[in-house]
Each structure stands twice: as C-alpha cells, then as structure tokens.
Amino acid sequence: MDETEFWELVDATREAAEGDPEEQADLLVDRLLALDPDMVLDFARHFEARFNRAYTWDLWGAAWILLDGVSDDAFDSFRCWLIGQGREVYEGGVHDPDSLADLLADFDEEIDGDGEELGYAADEAYEQLTGSVAPDLGIPPAASEPLGAPVDLESDRVLAERYPKLWVRFRG
C-alpha cells in the first residue's frame with residue numbers, strides 16, 4: 001500500500017461516516033478486512049508514521065485551543081483524529097497548526113478531536129484476519145517528548161500570540 005492508497009482509504013471512510021470518528025473507525029476496519037494481512041500492516045505503518053510525526057508541541061498547542069485543554073492521552077486521540085481528517089487537513093495542521101482555523105469547516109469538541117478508535121483499526125483488522133496480534137511494524141519509535149519548542153499551554157496570552165487564527169475562531 002502506498003501513501004496515496006492510504007489516504008484514499010482514510011478519505012473514503014471519513015466521507016462514508018459523515019465525519020463521525022467512531023463510525024469511521026468501524027468502516028476502516030471493514031475496508032481493511034477486505035485486504036491481505038501484509039496490506040493491513042502497510043496501512044498500520046503509514047498511520048503510525050504520521051501519528052509519530054504529529055507529536056509536536058506546536059500541534060499540542062493547537063489541540064489545546066480546539067479542545068479547551070488536552071492531556072497526554074487526549075493528545076494521542078487528537079493525533080489519530082487529525083489523520084482521520086485526511087491528507088490536506090493533516091499536512092496543513094502538522095506544517096502550520098494555526099492553519100487548522102481555516103482547514104476545519106466545522107469543529108464540535110463533543111465529537112471532533114477524539115479519534116482514539118482510528119488508532120486501533122489496523123490492529124483490529126489484522127487480528128481478525130490472522131488470529132494473532134500484529135507484529136512490530138519496524139518503524140522508528142515515537143520521540144519520548146514532543147518535538148519542537150515547548151509551549152506554555154496554561155497561558156492564554158502565549159496561546160493567543162502563537163495561534164492567532166485558532167484563538168480568534170475558537171476562544172475569542
């Protein structure tokens with residue numbers, strides 16, 4: 001599975017789920033079950049690499065604004081959700097987190113921002129297909145700390161200055 005096929009699966013399931021991350025995860029498992037186990041592992045590698053790439057202070061600050069505070073676990077779920085939004089939103093958000101103010105048409109903090117189940121879709125499909133747990137994916141592990149300069153997540157002033165568009169749209 002190449003990168004284009006990865007994003008096509010993500011996009012197709014998001015559209016079919018009408019933006020509901022839990023429904024998207026269920027649909028993703030269904031689509032992955034139609035593939036062979038090696039393709040499922042390829043999907044998992046693409047997902048995990050993007051998940052690790054999004055482990056940055058800049059993105060954590062954006063998630064903090066969108067969700068009015070984000071713990072470590074909630075930031076993991078946010079990164080899964082961000083991948084589930086598709087290539088344009090994901091790449092834009094990782095490159096310039098403040099651009100999420102323009103990239104997200106709608107954002108409901110009761111539904112959006114939590115894509116934890118998306119992070120388990122490939123594992124679930126692989127286990128259903130093979131009867132065993134997915135092997136190590138053979139990709140570098142995530143950094144132990146977010147990449148980039150730390151952001152003072154407790155300071156409204158810092159957040160408003162660092163993410164002016166997000167601040168105005170979601171907290172202003």
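It should be emphasised that the depicted structure is a prediction, and the values quoted were computed from it without experimental measurement.
Of the inter-residue distances, the one linking Leu166 atom CG with Ile65 atom CD1 reads 5.0 Å to the nearest 0.5 angstrom. For the atom pair CG of Leu159 and CG of Leu153, the computed distance is 6.0 Å after rounding to the nearest 0.5 Å. Between the CZ atom of Arg14 and the CG atom of Asp11 there is a distance of 4.5 Å, given to the nearest 0.5 Å. In this structure, Glu8 CD and Arg87 CZ are separated by 9.5 Å, a value rounded to the nearest 0.5 Å. For the atom pair Gln85 CD and Phe107 CZ, the distance stands at 8.5 Å (nearest 0.5 Å). In this structure, Met39 CE and Leu129 CG are separated by 12.0 Å, a value rounded to the nearest 0.5 Å.
A cation-pi arrangement is found for Arg50 relative to Phe6, the charged atom lying closer than 6.0 Å to the ring centre and inside a 45° cone about the ring normal. Both the sub-6.0 Å distance and the 45° axial angle are not jointly satisfied by Arg53 relative to the ring of Tyr55.
Note on ring orientation: taking the six-membered ring where Trp is involved, the planes of Phe78 and Trp81 are tilted (angle from 30° to 60°).
For the pair Ala121 and Ala25, the tightest heavy-atom approach, listed with the atom from each and the gap, is CB-O, 4.2 Å. Taking every heavy atom of both residues into account, Ala125 and Leu32 meet most closely at CB-CB, 3.6 Å. Closest approach of Leu66 and Leu100 over heavy atoms only: CD1-CD1, 4.2 Å. Residues Phe75 and Ala63 approach most closely at CD1-CB, 4.0 Å, considering heavy atoms. Nearest approach of Cys80 to Gly119, heavy atoms of both residues: SG-CA, 3.8 Å. Contact detail for Leu9 and Leu35: the closest heavy-atom pair is CD1-CD1, 4.2 Å.
Proximity of Leu67 to Asp114: side-chain heavy atoms (C-beta onward) are nowhere separated by under 4.5 Å. For the pair Tyr163 and Val151, the minimum side-chain heavy-atom distance is below 4.5 Å. Considering only heavy atoms from C-beta on, Glu23 comes within 4.5 Å of Leu27 through its side chain. Residues Leu33 and Val29 meet the side-chain proximity criterion, which asks for heavy atoms closer than 4.5 Å. Two residues are said to be in side-chain contact when any heavy atoms from C-beta on lie closer than 4.5 Å; Glu22 and Ile111 fail this criterion. The closest side-chain heavy-atom distance from Phe51 to Asp76 is below 4.5 Å. When side chains are defined from C-beta on, Gln24 counts as touching Val10, because their heavy atoms get closer than 4.5 Å. Residues Val94 and Tyr90 form a side-chain contact, since some pair of their non-hydrogen atoms from C-beta on lies under 4.5 Å apart.
Around CD of Glu161, the count of heavy atoms belonging to other residues, nucleotides or ligands within 6.0 Å exceeds 12. Atom CD of Glu5 is surrounded by more than 12 heavy atoms from other residues, nucleotides or ligands within 6.0 Å. Atom CG of Asp106 is surrounded by 12 or fewer heavy atoms from other residues, nucleotides or ligands within 6.0 Å.
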Should Leu104 and Arg169 be marked as a side-chain contact (heavy atoms from CB on, under 4.5 Å) after you check the CA-CA gap, both sets of side-chain angles, and the distance that decides it?
CA-CA 11 Å; Leu104 298 173; Arg169 180 168 172 205; 4.3 Å; yes
Assess whether side-chain contact (heavy atoms from CB on, under 4.5 Å) is satisfied between Leu59 and Leu82, documenting all intermediate values.
CA-CA 10 Å; Leu59 195 57; Leu82 187 66; 3.6 Å; yes
Take Asp58 and Arg162, measure what salt bridge (Lys or Arg N to Asp or Glu O under 4.0 Å) needs, and give me the verdict at the end.
CA-CA 9 Å; Asp58 280 345; Arg162 194 155 181 174; 2.4 Å; yes
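At a threshold of 4.5 Å between side-chain heavy atoms, the hydrophobic network of Ile, Leu, Val, Met, Phe, Trp and Tyr places Val168 and Leu103 in two separate groups.
The closest donor-acceptor contact from the side chain of Ser99 to the backbone of Gly92 lies under 3.5 Å. Trp60 contributes a side-chain N or O that, together with a main-chain N or O of Val70, makes up a donor-acceptor pair within less than 3.5 Å.
Shown here are the side-chain contact (heavy atoms from CB on, under 4.5 Å) partners of Glu154, two or more places apart in sequence or in another chain: Trp64, Asp152.
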Name the atoms and distances for all side-chain donor-acceptor pairs under 3.5 Å in residues 132-139, with sequence neighbours left out.
from: Ser132; atom 1: OG; to: Thr130; atom 2: OG1; distance (Å): 3.1
from: Asp136; atom 1: OD2; to: Gly138; atom 2: N; distance (Å): 2.9

